[in-house]
Amino acid sequence: MKKQILTSVAALGLLFGAANATIYSVDAVHSSTAFKIKHLQVSNVTGTFSKFNGELDITDKIPSNLTATIEVDSIDTNNQGRDAHLKKADFFDTAKFPQIKFAMKSYEKSGNGEGKIKGDLTIRDVTKPVVLNYEFGGVSKNKQGTEIVGFSLEGKIKRSDFNFAPDSSTVALGDEIKLNIEIEAVKK
């Protein structure tokens with residue numbers, strides 16, 4: 001009997017929590033996904049992806065769910081020749097692996113509106129756990145009167161973990177890739 005009551009209370013808690021979660025869609029026009037990687041150990045190459053989407057649940061500044069998809073073919077490093085090369089088989093291989101995907105697994109709070117989002121990142125069909133620093137930016141309304149939220153994500157990954165550019169030495173191309181993501185999302 002006690003077990004049934006506890007199970008019922010837990011189910012109600014999950015249902016109540018899900019009912020209180022606010023679902024948002026990423027506004028790609030007012031968001032950005034950027035990266036930076038060392039080139040020849042002396043400078044950084046930066047880039048962005050212009051086509052991406054995502055959905056998230058946020059309650060009281062805390063995300064409880066976040067999924068995102070990036071269209072790799074939208075890469076822009078401010079150099080068309082380099083972008084074309086990055087789309088080929090020795091780098092992203094966009095013909096075979098057209099998307100990068102992220103799925104949040106957990107959130108660890110470290111301050112008011114700050115914490116760490118832990119999740120799985122998939123690049124070139126290789127999935128690895130990643131940790132992204134999270135900073136809540138705020139809540140407002142857009143000109144249509146719809147609620148919006150903003151937040152920042154920063155993190156680092158190793159290209160070798162994802163079998164990305166395996167024939168490039170770490171002298172030519174650094175192993176560490178820094179991520180900087182700015183999100184504005186609209187309530188659904």
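Annotation for Q80: atom CD does not count as buried by contact number, only 12 or fewer foreign heavy atoms lying within 6.0 Å. Atom NZ of K87 sits in a crowded spot, with more than 12 heavy atoms from other residues, nucleotides or ligands closer than 6.0 Å. Under a cut-off of 6.0 angstrom, the local environment of NZ in K178 is sparse, with at most 12 non-hydrogen atoms contributed by other residues, nucleotides or ligands.
Smallest separation of non-hydrogen atoms from L132 and G155: CD2-CA, 3.9 Å. The shortest heavy-atom contact between A185 and L56 is CB-CD2, 3.9 Å. The two residues K61 and P63 have their closest heavy-atom pair at O-CD, 3.7 Å. A pairwise comparison of heavy atoms in T59 and T22 identifies OG1-N, 4.0 Å as the closest pair. Considering every non-hydrogen atom in both Q41 and K38, the closest pair reads C-CD, 4.3 Å.
Side-chain contact between I157 and I123: present, with at least one pair of heavy atoms (C-beta onward) separated by less than 4.5 Å. I117 is listed as a side-chain neighbour of F102, based on a closest heavy-atom distance under 4.5 Å. The closest side-chain heavy-atom distance from E108 to V131 is not below 4.5 Å. Side chains of R124 and D93 form a contact here, defined as non-hydrogen atoms less than 4.5 Å apart. Looking at heavy atoms from C-beta onward, L66 lies out of side-chain contact with I183 at the 4.5 angstrom threshold. At a threshold of 4.5 Å between non-hydrogen side-chain atoms, the residues N53 and T69 count as touching.
Using the six-membered ring where Trp is involved, Y134 and F151 have ring planes that are tilted, between 30° and 60° apart. Using bins of under 30°, 30° to 60° and over 60° for the plane-to-plane angle, the ring pair F164/F92 lands in the tilted bin.
Under the 3.5 Å distance criterion, with hydrogens and angles disregarded, a donor-acceptor pair is assigned to the side chains of E182 and S152. A donor and an acceptor atom, one from each side chain of D175 and S160, are located under 3.5 Å apart. Donor-acceptor pairing under 3.5 Å is lacking for the side chains of K36 and N180.
Side chain of K118 to backbone of K105: no donor-acceptor contact under 3.5 angstrom is found. With hydrogens and angles disregarded, no donor-acceptor distance shorter than 3.5 Å links the side chain of R159 to the backbone of I37. With hydrogens and angles disregarded, no donor-acceptor distance shorter than 3.5 Å links the side chain of D60 to the backbone of I62. Using a distance-only test at 3.5 Å, with no hydrogens or angles considered, a donor-acceptor pair links the side chain of S31 to the main chain of E184. Side-chain N or O atoms of T94 include none that pairs as donor or acceptor with a backbone N or O of V72 at under 3.5 Å. Distance alone, capped at 3.5 Å, is enough to place a donor-acceptor pair between the N142 side chain and the T146 backbone.
Interatomic distance, CD1 of I177 versus CG of N44, reported as 12.0 Å (0.5 Å rounding). Distance CD/E55 to OH/Y24: 12.5 Å, rounded to 0.5 Å. Considering OG of S50 and CD of E71, their distance stands at 10.0 Å, rounded to 0.5 Å. In this structure, CG in D57 is found 9.5 Å from NZ in K188, a value given to the nearest 0.5 Å. Summarising the geometry, atom CE belonging to M104 is positioned 14.5 Å from atom CG belonging to L121; distances are rounded to the nearest 0.5 Å. In this structure, CG in D167 is found 9.0 Å from CZ in F91, a value given to the nearest 0.5 Å.
T77 pairs in a side-chain hydrogen bond (donor to acceptor under 3.5 Å, both in side chains) with only one of the listed residues (D83, T48, T46), which is D83.
Note: the hydrophobic cluster containing V186 does not contain I58 (ILVMFWY, side chain heavy atoms under 4.5 Å, direct or indirect links).
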Worked verdict on F97 versus V126 for side-chain contact (heavy atoms from CB on, under 4.5 Å): CA-CA 10 Å; F97 309 107; V126 176; over 6 Å; no
